[in-house]
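Both counts, for ligands and for their atoms, begin at 1 and track the order of listing. Note that the structure is predicted; figures quoted are calculated from it, not measured.
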Amino acid sequence: MRLSGITPSGHTQLGNHLGAIARWAAGGGADDLYFVADLHAMTTTHNPAALRARASEMLAVLIAAGIAPERVFVQSDLARELGALTWALECTCSYGEAARMIQFKEKAGGRSGVRLSLLTYPVLMAADILLLGADEVPVGEDQSQHVELARALARRFNSTYGEVFTVPRPVLPLTGARVRDLADPARKMSKSTRDSAGVVFVLDEPDLIRRKIRRAVTDAHSVPAYSPDDRPGVSNLLEILGACTGVTPQEAAAAHTSYGQLKEAVADAVIETLRPIRERTLSLLADPVELDRVRKAGATRAAERGEHRLSSALRLIGAG
Ligand code: AQP
């Protein structure tokens, strides 16, 4: 069983969709679970009301994109279970192990005023994985150290207190295109980027999507060619077009003779790819009672899947 999450650190963007969500919707095993990792969006300054709204919106986007509602849940709906398991795992983890995490070192930058949760969130991530018994965790390079920690904690807990956890394996994610920021193709498109001129959000209006794509940074050439290293802007557009229309970036390049023509084609393809998701998301959000019912059902199913591991772990560690 695979477990994948998406953090509501901003609104869902095109990269999240083409790189992850579309794959999640298209493939995977019947047991796989996907979650909105809202607790992970609290490790730096955050706005509670905005986070709550984004978490609901992201849940709706995942369902609208085609992931079966019974495979989706919001992490904070399992806050009690995850909080209890995180504590048991923190009591299995050394301070040195947590402080060695590269992401912590990079993000904390040696400052003592950072939230303690920035140090401990890999333990919460271990709890996400171990509670649900995921044996495969798709992770990119930046998170692989955290899955190693989850493996170490699972092994240590099992050998110290008793066998309860499946030891997870990091696996290559079902990745699609790697989408770059339209205004700065040197960096990847990210939902939390402050200047959103180069970020297409899944819920952007079609007109806005077209304007952002028309303004995409390219280069001094005039005929499209796929060459990511020296022509990152136009190559990014070709990858986006390829991902939206099911062709290779090279094929997309061959079909266009000018940057202007290419940008219009990219805008059309992105708008048509996102249109049904946007429409379904808006209709899900327009019926909060139904969305809440789906959300509660997802949370109940996920909690039931983890219940026996949590109660065994707590009993084995001496709680209750
Ligand atoms: N630009 C991207 N191209 C392809 N895939 C991407 N993903 C993110 N950006 C791109 C994939 O989306 C999934 C969920 O992402 P996440 O929320 O776990 O974290 P992230 O990778 O940090 O996403 P963002 O949008 O860049 O968020 P912030 O701004 O908070 O850092 C992952 O599978 C990720 O690979």
Side-chain angles (χ1 to χ4, degrees), residues 2-28 32-47 50-51 54-55 57-59 61-62 65 67 72 74-76 102-103 106-107 117-118 121-122 124-125 128-129 134 136-147 170-204 212-213 216 228 232-233 235-244 249 266 270 273-274 277:
R2 287 188 177 200
L3 177 71
S4 299
I6 176 164
T7 311
S9 44
H11 298 285
T12 316
Q13 41 89 10
L14 180 66
N16 300 132
H17 177 68
L18 295 179
I21 299 169
R23 302 297 165 126
W24 297 346
D32 293 357
L33 288 176
Y34 303 93
F35 70 105
V36 176
D38 54 346
L39 299 177
H40 287 293
M42 298 177 183
T43 57
T44 52
T45 314
H46 75 287
N47 174 322
L51 176 60
R54 282 199 307 262
E57 182 188 286
M58 205 166 256
L59 175 72
V61 168
L62 295 179
I67 302 179
V72 187
V74 178
Q75 186 188 29
S76 62
I102 295 163
Q103 282 220 342
E106 281 175 3
K107 290 188 182 168
S117 55
L118 193 63
Y121 95 85
L124 171 60
M125 186 172 153
D128 297 331
I129 298 166
E136 294 187 344
V137 184
V139 275
E141 190 55 39
D142 57 338
Q143 292 287 328
S144 61
Q145 197 187 17
H146 295 164
V147 179
V171 293
L172 282 179
L174 291 167
T175 49
R178 195 90 199 136
V179 180
R180 298 176 168 279
D181 189 293
L182 298 176
D184 178 5
R187 63 169 189 229
K188 82 176 184 97
M189 195 177 278
S190 277
K191 54 179 124 62
S192 63
T193 302
R194 221 163 268 168
D195 177 5
S196 63
V199 181
V200 172
F201 295 105
V202 169
L203 299 184
D204 276 349
K212 286 178 176 174
I213 292 173
S235 299
N236 186 37
L237 291 175
L238 292 167
E239 284 192 29
I240 294 171
L241 182 56
C244 290
V266 174
V270 170
T273 299
L274 297 183
I277 301 171

- request: Pick whichever of Gly15, Ser4, Gly5 has a heavy atom sitting closest to atom 5 (N) of ligand 1.
  value: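 The nearest heavy atom belongs to Gly15.
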- prompt: Which bit of Gln13 is near ligand 1, meaning a heavy atom under 4.0 Å away: side chain, backbone, both or neither?
  reply: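 Under 4.0 Å from ligand 1, Gln13 contributes side-chain atoms alone.
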task: Using a 4.0 Å heavy-atom cut-off, say whether Ser190 meets ligand 1 through its side chain, its backbone, both or neither.
output: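 Under 4.0 Å from ligand 1, Ser190 contributes backbone and side-chain atoms.
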Could you list the atoms of ligand 1 found under 4.0 angstrom from a heavy atom of [X]?
X	value
Ser9	27 (O), 28 (P), 30 (O)
Arg178	3 (N), 4 (C), 5 (N), 6 (C), 35 (O)
Gly19	4 (C), 5 (N)

Any N or O of [X] closer than 3.5 Å to N or O of ligand 1:
X	value
Trp24	no
Lys188	yes
Met189	yes
Asn16	yes
Val179	yes

Least distance between heavy atoms, [X] atom then [Y] atom:
X	Y	result
Phe201	Leu274	O-CD1, 4.0 Å
Leu51	Pro8	CD1-O, 3.7 Å
Val137	Leu3	CG1-O, 4.1 Å
Thr7	Lys191	O-NZ, 2.8 Å

message: When you measure from the heavy atoms of Gly140 to every atom of ligand 1, does any distance fall below 4.0 Å?
response: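 Outside the 4.0 Å threshold, so no.
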- prompt: Using a distance-only test with no angle check, is there a side-chain donor-acceptor pair under 3.5 angstrom linking Asp128 and His40?
  reply: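 Yes.
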message: Is a donor from one side chain sitting under 3.5 angstrom from an acceptor on the other, for His11 and Glu57?
response: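 Yes.
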message: For Asp204, is there any backbone N or O sitting under 3.5 Å from a side-chain donor or acceptor partner on Lys212?
response: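 Looks like no, no N/O pair under 3.5 Å.
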query: When you check the gap from the basic side-chain N to the acidic O, do Asp181 and Lys188 get nearer than 4.0 Å?
result: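 No.
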